[in-house]
S.K.: 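Okay, here's the structure, questions in a sec.
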Amino acid sequence: MNQIPEVIRTIPLEYYLFFSAALFSIGVIGVLTRRNAIIIFMCVELMLNAVNLLLTALASYRGDASAQVFVFFIMAVAAAEVCVGLAIIVMTYRNIRSTDVQLLNYLKW
């Protein structure tokens, strides 16, 4: 317990867990209920950030930096997702002039 910095000890670990779970739940609800592709995209990013927050909090409470390596991998995946996802959204908007994901069924053969 002495390895945990004083700033981290002022906020209990449970608060980080509840906050991360709330962010992840908001992201899941947003993905399942929204129809706009950009909003769905933002909710997926919110879920990734919730996992990053949880991993960082657990790594700092354990005093071990190995979980922060996974945070960097998640950030790299999120950056790649932004590139590919925005390209798909832009091309979809050019084809059908909407970002509504229900209209994507019309793009099937």
Side-chain angles (χ1 to χ4, degrees):
M1 192 77 174
N2 293 335
Q3 297 174 352
I4 300 172
E6 184 65 34
V7 175
I8 303 295
R9 274 191 264 164
T10 58
I11 301 173
L13 180 62
E14 291 84 17
Y15 290 177
Y16 289 110
L17 295 175
F18 292 140
F19 183 60
S20 179
L23 283 178
F24 194 83
S25 300
I26 290 169
V28 168
I29 290 170
V31 167
L32 294 177
T33 60
R34 302 299 270 180
R35 290 178 20 177
N36 190 345
I38 297 172
I39 302 295
I40 292 172
F41 192 59
M42 288 171 42
C43 290
V44 169
E45 292 295 325
L46 186 66
M47 289 190 292
L48 289 173
N49 286 330
V51 171
N52 279 343
L53 173 71
L54 182 63
L55 285 174
T56 305
L58 290 175
S60 64
Y61 266 87
R62 288 189 62 209
D64 186 20
S66 63
Q68 292 180 3
V69 173
F70 288 113
V71 170
F72 289 124
F73 284 127
I74 291 172
M75 286 181 178
V77 167
E81 175 197 4
V82 166
C83 294
V84 173
L86 283 178
I88 291 171
I89 290 172
V90 167
M91 291 306 295
T92 303
Y93 184 77
R94 283 184 183 176
N95 287 334
I96 60 175
R97 297 285 181 218
S98 176
T99 57
D100 189 5
V101 293
Q102 295 293 335
L103 296 175
L104 293 178
N105 289 333
Y106 297 125
L107 296 177
K108 292 181 182 177
W109 288 87

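These numbers come from the heavy atoms of this one structure, side chains and all, not from hydrogens, waters or symmetry mates.
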S.K.: In this structure, which one of Leu32, Val31, Thr33 forms a side chain to side chain contact (heavy atoms under 4.5 Å, CB included) with Cys43?
M.R.: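 The single option meeting the side chain to side chain contact (heavy atoms under 4.5 Å, CB included) with Cys43 is Val31.
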S.K.: Please determine whether residues Leu86 and Leu48 belong to a single hydrophobic cluster, defined as Ile, Leu, Val, Met, Phe, Trp and Tyr linked transitively by side-chain heavy-atom distances below 4.5 Å.
M.R.: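 No, because Leu86 and Leu48 fall into different hydrophobic clusters, even though each may have its own neighbours under 4.5 Å.
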S.K.: In Å, rounded to the nearest 0.5 Å, how long is the span from CD1 of Ile38 to OH of Tyr93?
M.R.: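 Answer for the CD1-OH pair, Ile38 versus Tyr93, is 9.0 Å.
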S.K.: Out of curiosity, Ile11 CD1 to Phe19 CZ, how far, rounded to the nearest 0.5 Å?
M.R.: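 The distance works out to 10.5 Å.
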S.K.: Grab the two heavy atoms, one from Ile89 and one from Ala37, that are nearest each other, plus how far apart they are.
M.R.: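 For Ile89 and Ala37, the tightest heavy-atom pair comes out as CD1-O, 4.0 Å.
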S.K.: Which pairs pass salt bridge (charged side-chain N to carboxylate O under 4.0 Å, His left out) with one or both residues in residues 24-44, sequence neighbours excluded?
M.R.: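 Of all non-adjacent pairs touching residues 24-44, those that pass salt bridge (charged side-chain N to carboxylate O under 4.0 Å, His left out) are Arg35-Asp100.
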S.K.: Which donor-acceptor pairs under 3.5 Å do the side chains of residues 20-28 make with protein atoms, sequence neighbours left out?
M.R.:
| residue | atom | partner | partner atom | Å |
| --- | --- | --- | --- | --- |
| Ser20 | OG | Ala50 | O | 2.7 |
| Ser25 | OG | Ala21 | O | 2.8 |

S.K.: Once side chain to side chain donor-acceptor pair (under 3.5 Å) is applied, what residue pairs with a partner in residues 47-59 remain, sequence neighbours excluded?
M.R.: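 For residues 47-59, and leaving out neighbouring residues, there are no side chain to side chain donor-acceptor pair (under 3.5 Å) pairs at all.
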S.K.: Could you measure the distance from the CE atom of Met75 to the CD atom of Gln68? Nearest 0.5 Å is fine.
M.R.: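 One gets 9.5 Å once the value is rounded to the nearest 0.5 Å.
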S.K.: Are Val84 and Ile39 linked, directly or through intermediate hydrophobic residues, by side-chain heavy-atom contacts shorter than 4.5 Å (ILVMFWY only)?
M.R.: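 Ile39 does not cluster with Val84.
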S.K.: Considering only heavy atoms from C-beta outward, does the side chain of Leu13 approach that of Leu58 to under 4.5 Å?
M.R.: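 Touching, per the 4.5 Å side-chain cut-off.
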S.K.: Heavy atoms only: give me the nearest Phe41-Val82 pair and the separation to one decimal.
M.R.: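 Taking every non-hydrogen atom into account, CZ-CA, 3.4 Å.
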S.K.: According to a hydrophobic-cluster definition based on side-chain heavy atoms being under 4.5 Å apart (Ile, Leu, Val, Met, Phe, Trp, Tyr only), do Leu46 and Leu17 belong together?
M.R.: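 Same cluster: Leu46 reaches Leu17 through Ile, Leu, Val, Met, Phe, Trp or Tyr contacts under 4.5 Å.
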